[in-house]
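A short worksheet on the structure shown next.
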There are 2 protein chains.
Amino acid sequence: MTRAEENYLKTIFHLGKGHNANISTNAIAQQVETKPSSVTDMAKKLADKGLLHYTKYQGVSLTDTGSRTALSIIRKHRLWELFLVKKLDFSWDEVHEVAEQLEHIKSEKLIDRIDALLGFPRFDPHGDPIPTKDGQFLERDKELLSELPPGTQGICVGVKDSSAPFLRFLDRNRIALGHTIEILEKEDFDKSLLIYREGEPLRISHQIASNLYIKKNDPWNK
Amino acid sequence: MTRAEENYLKTIFHLGKGHNANISTNAIAQQVETKPSSVTDMAKKLADKGLLHYTKYQGVSLTDTGSRTALSIIRKHRLWELFLVKKLDFSWDEVHEVAEQLEHIKSEKLIDRIDALLGFPRFDPHGDPIPTKDGQFLERDKELLSELPPGTQGICVGVKDSSAPFLRFLDRNRIALGHTIEILEKEDFDKSLLIYREGEPLRISHQIASNLYIKKNDPWNK
DNA sequence: AATTAAATTTAGATGAGTCTAAACATTGTT
DNA sequence: AACAATGTTTAGACTCATCTAAATTTAATT
């Protein structure tokens, strides 16, 4: 399994969002930063290897083996990200690039030991779930901040966009995973929100709110 | 700088043992596990990039830049090896293969943080010196056990051969870095040694002794 | 100094992954 | 139903790193 093959599988998994739909050549090309014609070639190769279902002009989907392989790469990526943050003091906007490299290191023992060193964590620094060795993972029950009504209180548990600029914006505005957030007001006109976090109010745009995942506080199940 | 290029530079550095002699095509081919004709191609390429001096039929030597590059790869390799042993409980015979992959990860920040996490160590798990960021490294003053006369006492500070079978032999026979070793007798016939270590005597062949580095105990400079 | 042996280089080919440009399919619109 | 517009695939070419087989140079031996 080459690095390129692994990157294709990972990308196809992400584009299918777990549901394993048929993914178009173009969509993959854009994500992998290559040309559609290159994707076609790779699709054939991965289909030959039994990792993809591929029908001409109809896009691709992952086979069981392909899916398992993708999950193991995602597992490695997310474990490395958490390692960088927890053990080497990287900030959450710096980890992606390095994890993109580390995820391709071939050693089961290595990743299992990293897993153990971190205490078998279930979520990465952006709140995304870390698949277990056998490919299981729980999506945490969470909602977009932008979808919740004023008065809601909850904990920030993830980000939808995990690009460095967005993450740095959150840092500057003292929004981080684990923080409690309460919606004070919602402006009808532009759907911006006035929220309360870390003891202070803050106004955020709809675009920001629609990239923040919140777990509502459940008074019964504290 | 591709992975293959990095491996060539590292290998050429090792073959020159720091002195930067002219290294033959054949010697490199053997070490990199490729054919001499491939080495010729790569030699030309690296010479074009200013990393090697290359004259047809005369072998290659590292330029200053080439040497610095090689040292930075060796630094990474040895830091990763120590990380695996110290933080992830790998044994010293398991680390090489994985470090061969990790040494190619491109992130200065990453390796500097690993360095800090380990407390800026000066030697790797096999007793080899770890170059600093600016390419300096001290060879520890050490001698081969096989070269020392009976009666000598010292500390085991390194291994010449760091192949897994040899390292596992040492584990089985309770010889490790940091252990005190004393030469009790030397057999003229086969140059085997009777040594004392960990409270017990042990007979070892000349071949074993000639792969163990000892730092003699200096009563004045304890 | 001539000849043989060994090391090294050239020439041409291969596989992985990519590209461009042209051909072909599918979809949506009139 | 015909035709764009868009999406996808083929064909042919390129780079990187490698190979084999043949040619060439250097070194060793007589």
Side-chain angles (χ1 to χ4, degrees), chain A residues 1-16 20-62 65-66 69-70 73 100-101 103-106, chain B residues 1-16 20-62 65-66 69-70 73 100-101 103-106:
Chain A
M1 176 104 323
T2 71
R3 187 164 295 227
E5 288 171 348
E6 291 187 348
N7 283 331
Y8 274 90
L9 291 180
K10 186 185 60 169
T11 298
I12 292 163
F13 186 94
H14 283 314
L15 288 170
N20 199 18
N22 265 41
I23 311 295
S24 80
T25 305
N26 255 4
I28 299 167
Q30 206 176 336
Q31 208 65 23
V32 183
E33 294 187 292
T34 185
K35 303 292 168 185
S37 58
S38 308
V39 176
T40 303
D41 288 350
M42 186 57 96
K44 287 177 184 166
K45 185 159 65 139
L46 291 173
D48 283 349
K49 290 196 175 187
L51 296 161
L52 291 183
H53 299 294
Y54 169 59
T55 337
K56 268 197 197 183
Y57 296 101
Q58 302 306 135
V60 304
S61 63
L62 293 164
T65 321
T69 310
I73 298 155
E100 286 283 296
Q101 298 180 60
E103 72 189 4
H104 300 292
I105 300 290
K106 278 157 188 64
Chain B
M1 175 107 321
T2 71
R3 189 165 294 230
E5 288 172 348
E6 291 188 349
N7 283 332
Y8 273 90
L9 290 180
K10 185 185 63 170
T11 299
I12 292 163
F13 186 95
H14 283 314
L15 288 170
N20 199 19
N22 264 43
I23 310 296
S24 80
T25 304
N26 254 5
I28 299 168
Q30 207 177 335
Q31 208 66 24
V32 184
E33 293 186 293
T34 185
K35 303 292 168 184
S37 57
S38 309
V39 175
T40 303
D41 288 350
M42 187 56 95
K44 285 176 184 167
K45 185 159 62 140
L46 291 173
D48 283 349
K49 291 197 176 187
L51 296 160
L52 291 182
H53 299 294
Y54 169 58
T55 338
K56 268 197 195 180
Y57 296 102
Q58 302 306 134
V60 303
S61 63
L62 293 163
T65 321
T69 309
I73 299 156
E100 287 283 297
Q101 299 180 63
E103 72 189 4
H104 300 291
I105 301 290
K106 277 159 189 60

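Keep in mind the model is a prediction, meaning the values are calculated, not measured. Residue numbers begin at 1 in each chain, while the letters A, B, ... track the order of the sequences.
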Donor-acceptor pairs under 3.5 Å, side chain of residues 50-61 of chain A to any protein atom, not counting sequence neighbours: which ones?
none

Heavy atom of residues 6-15 of chain B under 4.0 Å from DNA chain C: which residues? none
Given D/dC16, C/dT9, D/dT8, the nucleotide with the shortest approach to the side chain of B/Thr2: D/dC16
Would you jot down, in residue-number order, the residues of residues 25-40 of chain A having a non-hydrogen atom under 4.0 Å from DNA chain D? A/Thr25, A/Asn26, A/Pro36, A/Ser37, A/Thr40
Could you tell me how far apart [X] ([atom1]) and [N] ([atom2]) are, to the nearest whole angstrom?
X       : N      : atom1 : atom2 : result
B/Met42 : D/dC19 : CE    : P     : 11 Å
B/Leu46 : D/dC16 : CG    : C1'   : 12 Å
B/Met1  : D/dC16 : CE    : P     : 12 Å

Along nucleotides 23-29 of chain D, 5' to 3', which nucleotides get a B, which get an S, and which get a -, given that the test is a protein heavy-atom distance under 4.0 Å? -BSS---
List for me each residue that meets side-chain hydrogen bond (donor to acceptor under 3.5 Å, both in side chains) alongside B/Lys44, sequence neighbours excluded, and say none if there are none. none
Output for pair (B/Thr69 OG1, B/Lys49 NZ), nearest 0.5 Å, gives 10.5 Å
Supply the atom-to-atom distance B/Leu46 CG to B/Leu62 CG, rounded to the nearest 0.5 angstrom. 9.5 Å
Set out, line by line, the N/O atom pairs under 3.5 Å between protein and nucleotides 12-14 of chain D.
none

Identify every side-chain donor-acceptor pair in residues 27-39 of chain A under 3.5 Å, counting partners at least two apart or on other chains, and give the distances.
| from | atom 1 | to | atom 2 | distance (Å) |
| --- | --- | --- | --- | --- |
| A/Thr34 | OG1 | A/Ser38 | OG | 3.4 |

Test of understanding: with salt bridge (Lys or Arg N to Asp or Glu O under 4.0 Å), list the residues that count as partners of B/Glu6, not counting sequence neighbours. B/Lys106
In a table with atom names and distances, give each donor-acceptor pair under 3.5 Å that connects a side chain of residues 8-15 of chain A to protein atoms at least two apart or in another chain.
| from | atom 1 | to | atom 2 | distance (Å) |
| --- | --- | --- | --- | --- |
| A/Lys10 | NZ | A/Glu100 | OE1 | 3.2 |
| A/Lys10 | NZ | A/Glu100 | OE2 | 2.9 |
| A/Lys10 | NZ | A/Glu103 | OE2 | 2.8 |
| A/Thr11 | OG1 | A/Asn7 | O | 2.8 |

